[in-house]
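What follows is a single structure, written as structure tokens, with notes after it.
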Amino acid sequence: MDAKVEPQRQLMRLRGRSYVAFVFSPFMPIVDWLAEIDATLSNSPGFFAGRPIVIDLAGVELSPHGIAHLVSSLESRGVRVLGLEGVEAGALDASLPPVLNGGRGCVVEQVEPRKVEVKPPPPPAPSLLLRAPVRSGQRIVFTEGDVTVLGSVGSGAEIVAGGSIHVYGALRGRAMAGINGNAAARIYCQKIEAELLAIDGYYQTAEDIGDMLRRQPAQAWLDGEVLRITPLN
Amino acid sequence: MAKVLVVTSGKGGVGKTTSTAALGGALAQQGQKVVVVDFDVGLRNLDLIMGAERRVVFDLINVTQGVAKLSQALIRDKRLENLWLLPASQTRDKDALTEDGVRDVIAELRTKFDWVICDSPAGIERGATLAMRYADEAVVVTNPEVSSVRDADRIIGMLDSKTAKAEAGDQIKKHVLITRYDAGRAARGEMLNIDDILEILAIPLLGIVPESQDVLKASNVGCPVTLNNAASPPARAYSDAARRLGGETVAMVTPSEVRRSLMGRLLGRRAA
């Protein structure tokens, strides 16, 4: 009995599979970037040990020699480079890791130990002081409190304040005080030529402001639901 | 030390280009080496006012884009050898200007001239902001009427926030130049008077240029008014303004005096 056992041809099978790798994006100068890596390693040695790493070179311009030096510098730190990204394959020689493309970002948990720093919010500034005139087209918004202007507010300028507005000059633009519902806010100016005055949503336009008051020092305040404008002296 | 001066206004038609040419001519007459630069890409006028429109080969855009060298684009004035023009392109628009290109051209002009005078386009968009971007000083041109004064106020706000100097925490030096001033109409309340304008704008006064036919005549022949008729009232006002730019103290000619002499000239001519 002859039995012939034909050697079974083993077909080479190619399969695609995707893996999660860390991507490094070096920046110039490389020396500084390596120092950052060193700092990370000194905090947690072996952080990168055994993990696949890809280097994204899109953000830096390196010669093939520079890339080889970068890869060997990382390898001397125990970081094994799986592949490169963001660089032309033709520019590299065979000794370097292969160029990858088509990578997609994903969430990798525990990339870094999280430092939770709770900074106390800065204390709210009670008032904003502007030392220069507010020019036409400028808009000053300060909802935290009062606005004081050492100078004039030009026609076409706008001041919006959570508190009161004080203008040590001519008020020719728009002034809106008490914007967050502060009915006690007031608007004071040395010379009233305003286009619009508003306190807590109640407003008057230039047409409503009496001619007697024009160009005089004046204040605006809320009397119930009526915006009143009265001379200051 | 070269000075870069922008002539700007916000509103159109108030006399930026006329003032650029006239101040450039006056500074050149006073012995300074001056270049006037047209930033009004697409709507260039300065070449006409300077009478150089038939000699334009290359322009500002060509230089910023590296197509031409600065020396190829600069046009020397035929009347004054220390006065030069860098024309704008008429076939492009303001988007052809880049911030880096403008910076490099201005830096190169600084090395060659005592004064670099940038004629800004009207408006507050790219052309105007790039014209003022690298300036050391600004001449804000306004007419004695409310809309141009309000636009001037807006431009002053931009000079204080959008220029390279302002962004570096420095202050750009600003002057107001009042043009087309008619003292008679101001006295009758038909125009804003000088004090009102200065109170609104709160920057120093560089000069008051009276309304005059001499300006129109000079434009028509393509010559800065300071070169065309140096004795005329507007030319004298521009010449004084140029001296003030140079740091001299020159007494401000009150508009009523200007007007009287202007009227005298007109009457005299009529009588003749």
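What you see below is based on every heavy atom in this structure, not just the backbone, and it leaves out hydrogens, waters and symmetry mates. Every chain is numbered from 1 and lettered A, B, ... according to where its sequence line falls, protein lines coming before strand lines.
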Applied to residues 122-147 of chain B, the salt bridge (charged side-chain N to carboxylate O under 4.0 Å, His left out) test, sequence neighbours excluded, yields Lys3(B)-Glu137(B), Glu99(B)-Arg133(B), Arg110(B)-Asp136(B), Arg133(B)-Glu167(B)
Cut-off 3.5 Å, side chains only: do Thr230(A) and Trp221(A) have a donor facing an acceptor? yes
Against chain B, residues from residues 158-190 of chain A with at least one heavy atom under 4.5 Å, in numeric order, are Ala170(A), Arg172(A)
Interface check, chain A: of Ile200(B), Asp151(B), Leu201(B), most non-hydrogen pairs under 4.5 Å belong to Ile200(B)
Taking the basic N atoms (NZ, or NE/NH1/NH2) and the acidic carboxylate oxygens, is any pair closer than 4.0 Å for Lys16(B) and Asp119(B)? no
Quick check: do Val7(B) and Ser120(B) have side-chain heavy atoms less than 4.5 Å from each other? no
message: With a 4.0 Å cut-off on N to O distance, would you call Arg150(B) and Glu195(A) a salt bridge?
response: yes
Assert top hit (heavy-atom pairs under 4.5 Å, partner chain B, pool Ser155(A), Ala132(A), Gly154(A), Pro133(A)) equals Ser155(A)
Looking at Glu108(B) and Arg103(B), is any side-chain nitrogen of the basic one under 4.0 Å from a carboxylate oxygen of the acidic one? no
The residue among Val209(B), Leu205(B), Val141(B) that forms side-chain contact (heavy atoms from CB on, under 4.5 Å) with Ile178(B) is Leu205(B)
